[in-house]
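A note on names: the letters A, B, ... follow the listed sequences, proteins ahead of strands, and every chain is numbered from 1.
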Protein chains: 4
Amino acid sequence: MPSPAESAHPSDDTTTLAELRQIVGDFVAERDWSQFHSPKNVSMALAIEAAELMEHFQWLTTEASRQLAEDPKKLAEIGEELADVVGYSLALANELGLDVSQAIRDKMVKNAQKYPADQYRGRFGPEDDGPRSC
Amino acid sequence: MPSPAESAHPSDDTTTLAELRQIVGDFVAERDWSQFHSPKNVSMALAIEAAELMEHFQWLTTEASRQLAEDPKKLAEIGEELADVVGYSLALANELGLDVSQAIRDKMVKNAQKYPADQYRGRFGPEDDGPRSC
Amino acid sequence: MPSPAESAHPSDDTTTLAELRQIVGDFVAERDWSQFHSPKNVSMALAIEAAELMEHFQWLTTEASRQLAEDPKKLAEIGEELADVVGYSLALANELGLDVSQAIRDKMVKNAQKYPADQYRGRFGPEDDGPRSC
Amino acid sequence: MPSPAESAHPSDDTTTLAELRQIVGDFVAERDWSQFHSPKNVSMALAIEAAELMEHFQWLTTEASRQLAEDPKKLAEIGEELADVVGYSLALANELGLDVSQAIRDKMVKNAQKYPADQYRGRFGPEDDGPRSC
């Protein structure tokens, strides 16, 4: 049970997926927007928000994109786009009745089989022949 | 503290964002993949997974896309793509030090101001002149 | 050789791919932007513009999206986004030295083998069991 | 009129936009696929192909992505994805009755006003304070 302090400043440490899904679901229900939230439409909205997130990094080198972590103004803008992406992800889970945490746990088991840690350490894929900086 | 039953079957009701971030972060660390996880690269990976998610709905009508909720095989495939999208979202949050739940709460406040419930009930935007099915 | 009238109003009937590639290439060269136009960056720009194009159709039914062809204002906006998508496609071809028309002809031969007309008439894929409207 | 040699090896120098639009349009008509080619659906297909194109550059540095121009096998794969992107762009133009070359010429005029060459030489945007390599 969260302490009063935690309630006042909720964070990823204390917030469950279900709580965020509820926030998103209430927002949709209050506007009667479920009629627009067919999985097809929500998947488009999600992809559009993912593109807006990418836009922040579009012309930067991979190295320069790391430095945005030190820029509070940029970070706030990126956080808004990330919120949109995760928000639509949860809206899609709401429409389809999917459990997000279960889906992630299951997928990570598959990923671990596909990319065994000892074979892929420092390599991003079969065509990558070894560690590099990027 | 989760009961043993909850540990055995973790779900969105009992899983915090921080727990999922840890699962994703451990996977990346075990492979020494943070070197590839510049925000620029992760934002590309996220957009690619969002496109793979869309692929399931690409040729369907909006109405037909809702019916996939009743198709367990399709639903499992969609769940995998959704897991990839949320997984990369959390990987990006890990790289940038963003609190996802805070970002979503903040953005939903902004959204509520931009789309007041009484003005947007049953309308998806300014150019939409009223309720319709879709 | 185009007649004076054709020069005054160039159209898809009289414009070669090479002419459009030149227009895009000159624009990039005049700004010394080739330094930003790594294939990675241009592919991101292209995906971002594709998302902006999608945005026009995001909340519409598939049927309603067809009606935008009759809306000159919307059509002009869509034309701008399509121009961005094709423009970045040509910029990428310029950077990589690819012949677009050859690539399309080759791919259409492959597509015709993958989707024989007699097997796919009115069906969008293996899981589609017959004609429908959408 | 193209010489026999040009007909045998058509290229961007000799191919008009209208010729490519015809190739794409015939392919769609032979399969009775216009019923699936609502602008909404085609815009999704286009965005999905743009993501597949990006996938080739996803984990590379911007510099490394340039080196793919020297790798014939990779270049052929990239050419196929680019063909899909441009192919769906032309399919959308076919459905909406848009002239692609006119749209690009119009947009480049707008772009030249938005990004005057003397102000943006070596800078990708307002927040970019000068030339750099990337």
Do you know the tightest heavy-atom contact between D:I48 and B:M54? CG1-CE, 3.9 Å

According to the interplanar angle, ranging from 0 to 90°, do the rings of B:W59 and D:H37 count as parallel (below 30°), tilted (30 to 60°) or perpendicular (above 60°)? parallel

Verify side chain to side chain contact (heavy atoms under 4.5 Å, CB included) between D:E55 and B:E52, making sure each step is shown before the conclusion. CA-CA 11 Å; D:E55 217 171 333; B:E52 292 183 7; 4.1 Å; yes

Restricting to non-hydrogen atoms, name the atom on D:L60 and the atom on B:N41 that form the minimum distance, rounded to 0.1 Å. O-OD1, 4.1 Å

For D:E49, which atoms come within 4.5 Å of any heavy atom of chain B: side chain, backbone, both, or neither? neither

Would you say B:K40 and D:Q58 make side-chain contact, with heavy atoms under 4.5 Å? no

Is the number of heavy atoms from other residues, nucleotides or ligands within 6.0 Å of OH (B:Y115) greater than 12? no

What one should report as the nearest heavy-atom pair of D:A47 and B:A51 is O-CB, 4.5 Å

